[in-house]
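The sequence lines fix the lettering, A, B, ..., with proteins before strands; numbering per chain opens at 1. Keep in mind that what you see is a predicted model, and the values were worked out from it rather than measured.
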Amino acid sequence: MNIFGDSEEEDNNPFSGTDHLYASGIAAVPEGQDDFFHSDALPDVQEKEETRDELMHQLFGSEATIKNSEPNASIIATQGTSQDADSEDFGSSIRPLRSPVFTKQEQPIKILDAGHYRDPYGKHAIGYTISYEEQTVTRRYSEFDTLRHSLCRLLPTVVVPPIPSKHPLIRYFLNPLNAEKDIKIIDKRKRLLASFLNNCIEISEIREHVVFKKFLDPEHIWRNVLNSPPISIIPMNNLLAPPLQPTKPSPLHLLLPNPTSATGYKDITTDSPELIELESEFMNYEKTLKSFERLLDPFEKHAKQNKLHFRALASSLAELGAYYNAFSLEGNIIALEKNMKQIEELSRGIEKIGQAVDVNYVSSEILTESIATMLEEPIGEMIHFITEAYNVLHFRKLKRLQFYIIDSTIKARQIRINDLKSAQEQMDRLEEALKRNAEESPTIAQAMQKIESTASNAQTRPGQLSQNERRGWTELFKSRGSKGSKSRKAALHKNDIEPHLLSDDERNEEVAKISRELEKLSECFRLITKDMNQVNDSISNSIQRLLHHFKSQWGKILKELTRVLLVWLKDCLLAWQNARKVIGSISIDTK
Amino acid sequence: MENSDKKKDEAFHLSILVSDPQKQRNEHAKSSSYVTYQISTKTDNKSYHNTYRKHHQGETTGNDSIDIIVVHRRYSDFLLLHNILSQDHPTCIIPPLPDKKVFQYIAGDRFSLSFTQKRCHSLQNFLRRISEHPVLSHSRMLETFLVSGDWDAYRRSLSGTLNGNKDEVSDAFMNAFKTVHNQSEEFVEIKEKSEKLDHNVAKIDKIFNRVVKRQEAISEDYAKFSSNLQELQELVSNDAEEDEALRSKVKFFNEGIAQLSYGLRDLSKFLDYEYIVDLKDMEHYIESVKQTIKLKDQKQIDYEELNDYLTRSINEKNNLVSGYGGGNYFTSKLEELAGINQEAARREKIAKLEGKITSLTSEVDNAKEVADVFESEVFKEVNIFEEIKTKELKASLASLADNQIEFYKKMVDTWTKVEENL
């Protein structure tokens, strides 16, 4: 029986108070990326695997770790092999850990690798190698960023999936050398960018979009894509372009009013019941998104906290495992022939407890990682999504305001034209009556003359109107429509002089002008109505898809977390059961 | 010492359970309330049962086979037992009692569940160690403690007449700076190893405290998480089919999370109330070992000092006999001037020294014997400690593992079900 001999061999690594992590037997470097991401990591980052495998690598040793010049690595490695060769019960306590955890659902797009590369213009950057339909293409973060930005502008009615935010600039100031290499951030980005692409591909508008296709096509140099249509011809203002295809030229869109803020939105009183229903649908979307947001914020906070607590627990457990191992060697104060066997058995038992604690530590460490990738990140992504959805809803509000402005302008013009027409009729009737009366009454004939003279005095006024005319269609629209309701009213006041104060000619002129305006306006109205329908449909679609995405995402999160938790629980259970067996076999009989 | 001989023919089974801390109001109303602990003893020792019957004649139904003897004792009773045992058996490593925790008294926290539970477990450890000790388990005092119905009267009659082992401690303190010259190798090793053991156990204790705190934090996280999930469940409680599916998923998951939260809390409670108490008790026990060894060292020091003194006296006498020394030149000159007969004075001195040497020799022999006996007794005790400690570690590690297994098993079951439902 050389059980004891074996275990002693395993544990003779130098144990000193500070170096306890290595003394734990299953020595692991929890944040060991620094060692792992050596200078040689630059060319062959390809070797990087999923987080768990990586951790297992570090823990149980392999060629990869031996290559590392770390003195401890060789200890770990030999330990790993000796553990492999060890008895069955030992092996079984470790083995289940090797089963892969991160078997995420098959995703159509994968980011295989993240590492330094030289972009086509010779600049150094971290490149993310995307694999899609047997093609691979390497893009850098800024290219993802510009892709997303372009998509947002090209598809104003679609909630474009978010990408991780930029490195906080302060990092570069605090640690200029390390920031670029910060493997944790790169890993996180790798995951989130892959998730971005997969989210994109689920959205038909984006999937079918030529820009997105070009992004995934290695034939295209991204900078050229950016400088060519359709990206190069995206209009400055999406409100003055067809909402579904902003790059399609449409001169009539340029005539639309351009509200800059949605502040006037609340003033809109919708009268038709269908519109009210439609509005309440969108109100509901907004409400749902708001409540999701309210829910997700504390979720994210707690997930973060949970992660930190687990990390702290894991580090305590690591220390604990180390001390149990020390304890297993120094667990007795007297060694005599007769209790030698007992000491050995006890020592082995304590050692097993130490191993159970170690397994506990390792799997807690993995769980920490999983909480980050499976809970914290998707929740963060959802929060980003909601912000995006708000932007899209805001776009709709502006569109809606456009519609309202046109609608109310038309109504105002119609009222005006009716006023003018009825004033004309009244005048005609009046004139007729007066004429008839004047034939009989000289007093009235006198008064008639007076009226005619005032009317001729007013002849100076039309100059103003013809000036208005010269400003052209767009100008007119803008002066009447764009400045929000208040200035619009003011404008109406200024231009619309009480109809009966105008002369017949003036009235006729204005009637003719307003009819021309109305013609144009109704063209615009048809356009904006069509726009509105498109926008409503598209946005409603997009938001519903988003809510659906959230729900399925939650389903996934719960499933993944359950699986990860189960792995954690099962690993720990097995380790403790093994320990329990050995403890049970300690003979306390010294005779 | 006679007890240890008795042990062989009178070996009996003794298992003791301390449980159910109860707050008691003092009927004399002078002092405040106190806590009693129920002590249940199961033994095949006839004497116990006889005594018990004697004390409870009126109460029992006359049934001969009383399986379990139940008494109630309070902390100060344990303290009394401890003091008496340590005075009666100076060479024994008396298992330690839990700390007095004066602070808790001041803070008024001594009736809290966590305090009494921990103390209860520690008292249990104390009595178990005694019951496993071959000498102490035969103590009449223990029997009285475990069985007597008149314990209160017994205690009152004793109060004031006992002063604990304070003088020994102060003695040990006085000798704190003296070291033993001829340390036996065994004890050097024992001391060294017990230091290490103490260090390791203390460290584990400390880290476990941290682990418990962190587990509690995580348990709390999950409680919060669970309430978040509850909200999520409410949020998706439209009647759409898709929502219905998600809602039930969230519900199942949330049940799992709630279980996890409770499970972790229970596990932490076990660790806090039992395992860490075991560790603390082990530290105290090792402390007792060290104290006993110190006492042994003190006997050794006594012997060594006497021996030194004896050697010096013998040297002095030899010098006087051989004519040299016996004071230096000046003293002899002075004595000469004073008209003292040098020869006579010398003889007188030699005679005095001889007397001294004879009495010293016998005392040295005596001290040597005491020290040797002490040493061999302590050595035996260390062996006993080792045995009890191993048993205890086995039990405590087993219960640690059992509790961990119970937790993980339950959680694996819970979560397997959750997984099935998702």
Side-chain angles (χ1 to χ4, degrees), chain A residues 288 291-292 294-295 298-299 302-303 305-306 309-310 312-313 316-317 319-320 323-324 326-327 329-336 338-339 342-343 345-346 349-350 352-353 356 360 548 551-552 554-555 558-559 561-563 565-566 569-570 572-577 579-580 583-584 586 588 590, chain B residues 186 189-191 193-194 196-197 199-201 203-204 207-208 210-211 214-215 217-218 220-222 224-225 228 231-232 235-236 242-243 245-246 249-250 252-253 256 260 286 289 379 382-383 385-387 389-391 393-394 397-398 400-402 404-405 408-409 411-412 415-416 418-419 422:
Chain A
T288 314
S291 42
F292 257 113
R294 261 203 306 278
L295 179 73
F299 245 126
H302 292 152
Q305 242 172 26
N306 191 224
H309 286 149
F310 251 109
L313 176 68
S316 293
L317 287 174
E319 226 179 311
L320 196 61
Y323 273 104
Y324 267 112
F327 186 23
L329 297 179
E330 295 161 352
N332 59 310
I333 61 166
I334 189 165
L336 297 176
K338 63 167 184 168
N339 64 2
Q342 193 186 29
I343 287 171
E345 283 169 353
L346 181 66
I350 297 172
K352 279 285 168 186
I353 292 278
N360 233 341
H548 176 78
K551 284 165 191 169
S552 74
W554 268 112
L558 297 185
K559 217 169 182 170
L561 275 181
T562 306
R563 212 168 41 70
L565 278 170
L566 260 178
L569 293 168
K570 280 181 180 161
C572 294
L573 176 63
L574 210 73
W576 280 105
Q577 277 171 338
R580 181 67 184 87
I583 295 286
I586 298 171
I588 44 178
T590 46
Chain B
E186 286 145 340
E189 201 190 334
I190 288 171
K191 270 184 197 167
K193 281 187 164 178
S194 55
K196 275 186 186 158
L197 183 66
H199 174 78
N200 284 329
V201 175
K203 274 282 178 193
I204 290 174
I207 302 167
F208 245 120
R210 260 203 324 260
V211 167
R214 271 148 198 187
Q215 274 185 354
I218 290 171
E220 215 153 282
D221 286 346
Y222 282 131
K224 280 183 204 158
F225 198 59
N228 278 341
E231 278 175 52
L232 178 69
L235 183 61
V236 295
E242 177 200 3
D243 284 3
L246 180 60
K249 276 183 192 173
V250 173
F252 285 126
F253 187 83
L260 188 57
I286 298 166
V289 172
F379 193 70
V382 169
N383 269 315
F385 163 81
E386 183 69 31
E387 230 172 275
K389 182 217 74 186
T390 304
K391 264 188 218 170
L393 276 180
K394 181 185 171 177
L397 290 175
L400 172 68
D402 282 344
Q404 297 272 5
I405 289 169
Y408 285 114
K409 204 173 209 150
M411 287 304 122
V412 166
W415 283 93
T416 311
V418 171
E419 197 178 37
L422 286 188

Q: Tell me, please, which residues at least two apart from B/Asp402 pass side chain to side chain donor-acceptor pair (under 3.5 Å).
A: A/Arg580
Answer whether the closest heavy-atom distance between the side chains of [X] and [Y] falls below 4.5 Å.
{"X": "B/Tyr222", "Y": "A/Asn306", "value": "yes"}
{"X": "B/Met411", "Y": "A/Leu566", "value": "no"}
{"X": "B/Ile207", "Y": "A/Tyr324", "value": "no"}
{"X": "B/Lys409", "Y": "A/Gln577", "value": "yes"}

Is chain A contacted by the side chain of [X], its backbone, both, or neither, given a heavy-atom distance below 4.5 Å?
{"X": "B/Leu260", "result": "side chain"}
{"X": "B/Val289", "result": "side chain"}
{"X": "B/Lys249", "result": "both"}
{"X": "B/Phe252", "result": "neither"}

**Q.** Cationic N near anionic O, under 4.0 Å, B/Arg210 to A/Glu319
**A.** yes
[X], part contacting chain B, at a heavy-atom distance under 4.5 Å:
{"X": "A/Ala356", "value": "neither"}
{"X": "A/Leu346", "value": "side chain"}
{"X": "A/Leu558", "value": "both"}

Please round to the nearest 0.5 Å and tell me the distance separating atom [atom1] of [X] and atom [atom2] of [Y].
{"X": "A/Trp576", "Y": "B/Ile405", "atom1": "CH2", "atom2": "CD1", "answer": "8.5 Å"}
{"X": "A/Phe299", "Y": "B/Glu231", "atom1": "CZ", "atom2": "CD", "answer": "8.5 Å"}
{"X": "B/Leu235", "Y": "A/Leu295", "atom1": "CG", "atom2": "CG", "answer": "6.0 Å"}
{"X": "A/Ile583", "Y": "B/Leu393", "atom1": "CD1", "atom2": "CG", "answer": "8.5 Å"}
{"X": "A/Phe327", "Y": "B/Ile204", "atom1": "CZ", "atom2": "CD1", "answer": "5.5 Å"}
{"X": "A/Leu320", "Y": "B/Lys203", "atom1": "CG", "atom2": "NZ", "answer": "11.5 Å"}

Q.
Out of A/Gly349, A/Pro298, A/Ala579, return the one with the most heavy atom pairs under 4.5 angstrom to chain B.
A.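 When all of A/Gly349, A/Pro298, A/Ala579 are compared, A/Pro298 has the most.
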Q. Which one, A/Gly555, A/Cys572, A/Gly584, leads in non-hydrogen pairs under 4.5 Å with chain B?
A. A/Cys572
Q.
Between A/Lys352 and B/Leu397, does the side-chain contact (heavy atoms from CB on, under 4.5 Å) criterion hold? Intermediate values first, please.
A. CA-CA 10 Å; A/Lys352 279 285 168 186; B/Leu397 290 175; over 6 Å; no
Q) Going through the checks in order, is the side-chain contact (heavy atoms from CB on, under 4.5 Å) test met by B/Leu232 and A/Trp554? A) CA-CA 10 Å; B/Leu232 178 69; A/Trp554 268 112; 3.7 Å; yes
Q: Using the side-chain contact (heavy atoms from CB on, under 4.5 Å) rule, take A/Leu561 and B/Phe253 through it: C-alpha gap first, then chi angles, then the decisive distance, then the call.
A: CA-CA 9 Å; A/Leu561 275 181; B/Phe253 187 83; 3.8 Å; yes
Q. Does the A/Lys570 side chain pair with the main chain of B/Val412, one donor and one acceptor, at a distance under 3.5 Å?
A. no
Q: Please determine, among B/Thr416, B/Ile286, B/Ile190, the option with the most heavy-atom pairs under 4.5 Å with chain A.
A: B/Ile190
Q: Find the one option among B/Gln215, B/Glu220, B/Lys389 whose heavy-atom pairs under 4.5 Å with chain A are most numerous.
A: B/Lys389
Q: Please determine, by modelled atom types, if A/His309 and B/Asp221 share a side-chain donor-acceptor pair under 3.5 angstrom.
A: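 Looking only at side-chain atoms, B/Asp221 and A/His309 do form a donor-acceptor pair, the distance falling under 3.5 Å.
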**Q.** Shortest non-hydrogen contact from A/Thr562 toward B/Trp415
**A.** CG2-CE3, 3.5 Å
